[in-house]
Amino acid sequence: MAMEIENGERSAPPPYEETAPLVSESSKNYSTLQEHEKDKELDKEFVKSEEHKLKDFQLIRVPQKAPLFSFRKLWAFTGPGFLMSIAYIDPGNIESDLQVGAVTQYKLLWVLLWSTVMGLILQLLSAKLGVVTGQHLAQVCRERYPKPARITLWLSMELAIIGSDIQEVIGSALAINILSQGTVPLWEGCLITGIDTFIFLFLESYGLRYLEAFFALLIGVMCVMFGWMYVHTAIEANNQLEVFKGAVIPMCANCTSDAVTRGLGVVGAVIMPHNLFLHSGLVLSRAISRTDRVEIKEGIKYNYIESSVAVGISFFINMFIVCAFGAAIFGQGLPLGTPIDVQWACSPKNISLLRAVDCLYYSNGMQDWIRYVWAVGLLAAGQSSTMTGTYAGQFVMEGFLDLKWAKWKRVLLTRSVAMVPCVIIAILAVNVLDSLSDYINVEQSLLLPFSLFPLLHATSSKEVMGEFKNSVVWSVVIWIMALVIIGVNIYFVIDIVALPGHWWRHTLAAIGLLIYLVVVSYF
């Protein structure tokens with residue numbers, strides 16, 4: 001069914017488009033100390049401006065145009081892509097990584113690689129939408145869809161954020177439990193994570209750059225911790241040729257049906273529905289003139305570079321985890337004398353985030369340090385992803401509902417809408433976390449079209465993007481890629497959700513699937 005969109009003129013751009021200082025039209029390099037000092041004074045005046053203080057963002061002033069490329073300008077644009085990339089290394093992705101490694105070793109690294117590439121392409125479209133229009137995806141959807149469609153999109157994204165938050169809160173709670181040597185139970189860890197998310201976000205009151213630096217620090221912690229595991233397991237096992245072959249050769253020799261399911265789970269875990277809304281909002285923190293074609297092109301270019309670097313780093317972190325578990329569990333197995341319950345929990349069919357630390361501990365000769373390295377990396381992943389979930393919730397709710405409240409009230413509301421049910425579910429479902437995670441991945445797969453299709457339509461629309469809309473060739477490539485992603489996710493959902501043989505259950509499932517396909521076809 002073809003998509004129906006309400007026609008009408010776009011509303012005026014956000015106020016900061018008019019008030020943010022416009023940079024000079026001429027290309028400029030610093031040839032004298034006086035010019036450099038003058039630009040620093042402009043920075044100070046911009047930060048002190050009343051217009052700047054009134055914005056939800058502390059806008060980052062972008063240096064004047066460079067002839068072709070400027071590292072200083074790239075530094076000014078660095079930040080949003082790294083915040084966005086955290087969704088690629090959240091606890092849900094970590095669980096998918098360790099399962100793929102334990103079941104197939106390195107054979108499905110190419111699935112991880114190409115899933116990351118497809119996710120990056122969608123993130124670049126999201127960034128371009130924000131840079132060109134000065135609006136994030138939720139605002140564009142509010143203007144262009146009728147009310148029932150807007151409500152459907154809003155509710156679907158809220159459900160996606162809640163589902164993602166559950167995995168992230170549980171991941172942090174597991175890490176806290178390990179680091180406290182079991183003295184802090186999982187339900188208390190869930191409460192601690194829900195509360196400390198608000199505390200960390202107060203960093204933004206000191207400046208957006210401080211918050212971005214904090215996120216970069218957490219990504220650095222993950223690189224070090226999971227990289228350490230990779231060096232200790234995969235590199236010491238001397239399997240680097242197999243790692244390379246697994247990343248570049250698209251095949252999986254002698255793989256079981258369970259291995260195929262785990263590979264499909266990687267696709268669903270990597271591409272998160274609400275992350276497309278998040279990235280289009282984060283790029284608005286850079287002050288550029290959207291009446292200047294050259295500035296828009298530069299904004300797109302530097303956001304593309306920064307996002308590509310950030311997502312590339314996330315790929316290597318995921319690869320470290322796949323290889324560590326591939327070498328430790330698939331390659332070596334558990335030693336004699338390992339408790340029966342650990343052997344069961346670490347089997348390829350049963351391994352999960354909940355008992356992963358025990359699998360690492362016993363497969364690495366019962367060395368205590370591996371527990372803490374794993375826990376610190378997992379804690380960094382959980383804390384950073386819950387905080388970016390807060391941003392995603394703000395953009396989604398503010399954009400669809402057009403809230404005009406004070407910022408602290410909106411943060412409290414948007415975070416509570418997702419975090420309160422998330423913590424409650426996480427506490428109640430502590431004993432069934434493994435199956436809960438599978439169903440959350442199913443939910444994310446089902447909800448992906450509700451962000452993917454609006455983004456593709458918006459970036460392909462001349463009315464929205466003007467001359468920066470997707471070209472015909474690029475549109476065809478992106479739509480084919482989108483349909484492949486949706487097809488893989490539907491197969492994954494069917495494979496995971498096994499219904500009993502009662503006819504009425506299958507009838508209800510068929511009716512629900514039909515309704516779902518009709519709604520998705522509309523968008």
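This structure is a prediction, so every number in the text was calculated from the model and none was measured. Computed from heavy atoms alone, side chains included, the values below leave out hydrogens, waters and symmetry copies. For this chain, numbers begin at 1 and follow the sequence in order.
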Using atom types as modelled and distance alone, determine if a side-chain donor or acceptor of [X] lies under 3.5 Å from a backbone N or O of [Y].
X	Y	value
S156	L153	yes
Q139	H136	yes
S314	V311	yes
E306	G81	yes
Q383	T193	no

Pair [X] + [Y]: basic N to acidic O under 4.0 Å:
X	Y	answer
R290	E295	no
R293	E467	yes
K301	E298	no

Query raised in the report: Angle class for the F316/F320 ring planes (parallel below 30°, perpendicular above 60°, tilted otherwise)?
Result: tilted
Query raised in the report: Once the angle between the rings of H457 and W479 is folded into 0 to 90°, is it parallel (under 30°), tilted (30 to 60°) or perpendicular (over 60°)?
Result: perpendicular
Query raised in the report: Which is it for D90 and Q167 under the side-chain hydrogen bond (donor to acceptor under 3.5 Å, both in side chains) test, yes or no, and what are the steps along the way?
Result: CA-CA 8 Å; D90 70 345; Q167 291 178 314; over 6 Å; no
Query raised in the report: Shortest non-hydrogen contact from W374 to L353?
Result: CZ2-CD1, 3.8 Å
Query raised in the report: Less than 4.5 Å apart, any side-chain heavy atom of L448 and any of M272?
Result: no
Requested in this report: Tell me, yes or no, whether the heavy-atom count around W110 atom CH2, taken from other residues, nucleotides or ligands under 6.0 Å, exceeds 12.
Outcome: yes
Requested in this report: Validate the cation-pi geometry between R286 and W75: distance from NZ or CZ to the six-membered ring centre under 6.0 Å, angle to the ring axis within 45°.
Outcome: no
Query raised in the report: In terms of side-chain heavy atoms, does N303 have a donor or acceptor partner in K128 at a distance below 3.5 Å?
Result: no
Query raised in the report: Taking the six-membered ring where the residue is Trp, are the ring centres of F277 and F400 under 6.0 Å apart?
Result: yes
Query raised in the report: Does the pair S172 and E168 meet the rule for a side-chain hydrogen bond (donor to acceptor under 3.5 Å, both in side chains), with working shown?
Result: CA-CA 6 Å; S172 293; E168 293 154 3; over 6 Å; no
